[in-house]
2 protein chains.
Amino acid sequence: MTGVPVIQTDGYPHSVTSATTGSTQGLDLSVDRSSPVPLYYQLARQLESAIEHGALGPGSLLGNEIELAGRLGLSRPTVRQAIQSLVDKGLLVRRRGVGTQVVHSQVKRPLELSSLYDDLEAAGQRPTTRVLLSEVRTASAEVAAALGITEGAEVHLFERLRLTHGQPVAFLSNYVPAGLLDLGTERLESTGLYRMMRNAGITLHSAHQTVGARNANADEAERLGEPEGAALLTMQRTAYDDTGRAVEYGSHIYRASRYSFDFQLLVRN
Amino acid sequence: MTGVPVIQTDGYPHSVTSATTGSTQGLDLSVDRSSPVPLYYQLARQLESAIEHGALGPGSLLGNEIELAGRLGLSRPTVRQAIQSLVDKGLLVRRRGVGTQVVHSQVKRPLELSSLYDDLEAAGQRPTTRVLLSEVRTASAEVAAALGITEGAEVHLFERLRLTHGQPVAFLSNYVPAGLLDLGTERLESTGLYRMMRNAGITLHSAHQTVGARNANADEAERLGEPEGAALLTMQRTAYDDTGRAVEYGSHIYRASRYSFDFQLLVRN
DNA sequence: CAGGTCTTTATGTCAGTACAAAGTCTTGAC
DNA sequence: GTCAAGACTTTGTACTGACATAAAGACCTG
């Protein structure tokens, strides 16, 4: 990060560099006005990466907003917007009369609607998927209720087995209203469901989850390679897109011996 | 802009009422400039309660920001700030060229750092607590690592049994750095731990959770009134306050037959 | 020396304006 | 009749300016 020159194409690049560390002073912050990326977002990303890379250590002050704005050639509201987005993410804390400082705790990521696939991939587990079943059925009462459709309507059901290192981790049963997207088996094996939805123009918005546990019956035990009666982690999830329409219902079973949910959450004040 | 005259003097509430429903038009929105409560917050609260009470049904447009601002005698940024806070909560969705509408799905609450006590109480379960143990100990390696303190430092450990309708639901082991707050047994029975912390001036900020499952051993089975080998839901949580200091580590065990985690989560875009 | 008070500093709130960009809808041409 | 261009609506981004308020420290005073 040190001596890297900031190449600027057009607009008026404001680059700020200094030797002081532990503060925003020692950072090479700059914005590119010719870019279509919003200025507040450019700044937010730079601050975020500075925090991640340790250039801005925990507890270090960010420097007051007015000065920061001046140094970057931005207005205060723009700087505030950038900072606010990081405060919302839990990376920064504002204190009136004191300043804005980097939070001490190692907040990684708040809980997201991440797919199991992405989770495992991020953990370097190299997940693979085996599609066991993929067909159109009529919705049962349970599925219809979860998806908010009428019982008997057509849904696409697919069952998948997720593995890492050749070992089963989870058995996933997913239901998608028919016609919402075309689910090719080959693509389901190579990527996650949510990624496919995003590519199909569906923007996920929220989800309702229930996490519980139960003992494995003979069927489940065999599929997952666990002894009968072993504790299983269960999760049911209904996902909604931004129009409020339910786009997916999943009923998942995880081997508790090989998987657990791990997440960070923020308190809203 | 309709024919509604906006009377603007100073320090007086602006009230807007109309007969149209399904929109913000039929709402009695007003702000009180003499109140110390921020204007954007007043507006946000009113909109939120209107949504909750059904006055603003799912899908209904909010009306454009400029007009809304004019009707209330506020500036557009202020109105935007109010709306934005509800968008962040997942109650509203903005669409360029269309407007802002109430989200369809019944988003209840995103996942919060709620205590089990509050959860059960909200569900009308009338929880009771039996404090089994409450003493100061030296931190084990596991606890020290979770709390970020040195091994052997003093921590206050207390074990509680949570019951509803006389039936055990969970066994809770909690560790709090010694001297952080005084944990009276009687208060621990009548209220939750997080409520006590808030009252002691500690503002919670974030937490790291791990949820898993395992089979009950003989000890756990007896305590919770389950057969040996029954599936249990486990949760470990470390909570941090806004200075980044770990203030609590809890290792909890739930009867999977009587409890499951149930929550809503949002996708950040 | 202890206490409260004033000053400083930083964020918090709010107004008003301007232009950009993305959808929607209408209009017009073919 | 269909499709595309353009107008229009609405949110998105950004700036300037102003005052309020909380926290911290310096200062003065009893």
Side-chain angles (χ1 to χ4, degrees), chain A residues 11-12 14 23-25 31-45 60-88 92-103 201 203 242-243 269, chain B residues 1-2 6 8-11 13-14 23-25 31-45 60-88 92-103 201 203 242-243 269:
Chain A
Y12 305 96
H14 293 262
S23 159
T24 200
Q25 308 247 327
V31 291
D32 176 8
R33 299 194 92 97
S34 68
S35 161
V37 180
L39 301 178
Y40 78 91
Y41 190 75
Q42 292 184 38
L43 178 54
R45 282 254 304 176
S60 60
L61 270 306
L62 216 61
N64 82 59
E65 298 169 350
I66 315 243
E67 191 213 348
L68 190 54
R71 275 166 46 202
L72 286 163
L74 298 173
S75 71
R76 189 182 164 214
T78 303
V79 172
R80 266 183 79 77
Q81 193 175 359
I83 292 177
Q84 187 59 47
S85 70
L86 298 184
V87 170
D88 291 339
L92 300 175
V93 182
R94 323 182 83 136
R95 264 178 236 283
R96 197 145 42 172
V98 179
T100 304
Q101 44 188 175
V102 180
V103 98
T203 63
D242 55 4
T243 70
N269 290 313
Chain B
M1 189 70 145
T2 62
V6 177
Q8 180 70 300
T9 50
D10 195 14
H14 292 264
S23 159
T24 201
Q25 308 247 328
V31 290
D32 176 8
R33 299 192 93 96
S34 67
S35 161
V37 180
L39 300 178
Y40 79 92
Y41 190 75
Q42 291 184 38
L43 178 54
R45 283 252 304 174
S60 58
L61 269 307
L62 217 60
N64 81 60
E65 298 169 350
I66 316 247
E67 191 212 348
L68 191 55
R71 275 165 48 203
L72 285 162
L74 299 173
S75 72
R76 189 181 163 215
T78 303
V79 172
R80 266 184 78 77
Q81 193 175 358
I83 292 178
Q84 188 59 47
S85 70
L86 298 184
V87 170
D88 290 340
L92 299 176
V93 182
R94 324 183 85 137
R95 262 179 237 284
R96 210 162 7 192
V98 179
T100 304
Q101 43 188 175
V102 179
V103 100
T203 63
D242 56 2
T243 70
N269 290 313

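These numbers come from the heavy atoms of this one structure, side chains and all, not from hydrogens, waters or symmetry mates. Convention: sequence-line order gives letters A, B, ...; per-chain numbering from 1.
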**Request:** Evaluate the criterion side-chain contact (heavy atoms from CB on, under 4.5 Å) for residue pair B:L43 and B:T78; output intermediate values, then yes/no.
**Result:** CA-CA 9 Å; B:L43 178 54; B:T78 303; over 6 Å; no
**Fill in**
Contact string for nucleotides 10-17 of chain C, one letter per nucleotide 5' to 3', B = base within protein heavy-atom range under 4.0 Å, S = sugar-phosphate only, - = neither, reads BBBBSBB-
**From A:D242 atom CG to B:R94 atom CZ, the distance as rounded to the nearest 0.5 Å** = 14.0 Å
**Item:** Between CZ on residue B:R45 and CG on residue B:L86, distance to nearest 0.5 Å
**Value:** 11.5 Å
**Request:** Any chance you could lay out the side-chain contact (heavy atoms from CB on, under 4.5 Å) test for A:R33 and A:L74, step after step, and finish with the verdict?
**Result:** CA-CA 10 Å; A:R33 299 194 92 97; A:L74 298 173; 3.9 Å; yes
**Side-chain donor or acceptor of A:Q42 paired with backbone N/O of A:V37 under 3.5 Å** = yes
**From CZ (B:R80) to CD1 (B:I66), nearest 0.5 Å** = 9.5 Å
**Item:** Five-pair end axes of the helix from C:dC1-D:dG30 to C:dC30-D:dG1, angle between them (10°)
**Value:** 0°
**Prompt:** Just how far is it from atom CG of A:L68 to atom CD1 of A:I83, taken to the nearest 0.5 Å?
**Reply:** 6.0 Å
**Fill in**
Span of DNA chain D engaged by chain B, first through last nucleotide within the 4.0 Å heavy-atom cut-off, is D:dT9 to D:dT13
**Item:** Distance in Å, A:E65 CD paired with A:S75 OG, rounded so as to fall on 0.5 Å steps
**Value:** 11.0 Å
**Request:** Report the residue from B:V103, B:V93, B:L92 that forms a side chain to side chain contact (heavy atoms under 4.5 Å, CB included) with B:V87.
**Result:** B:L92
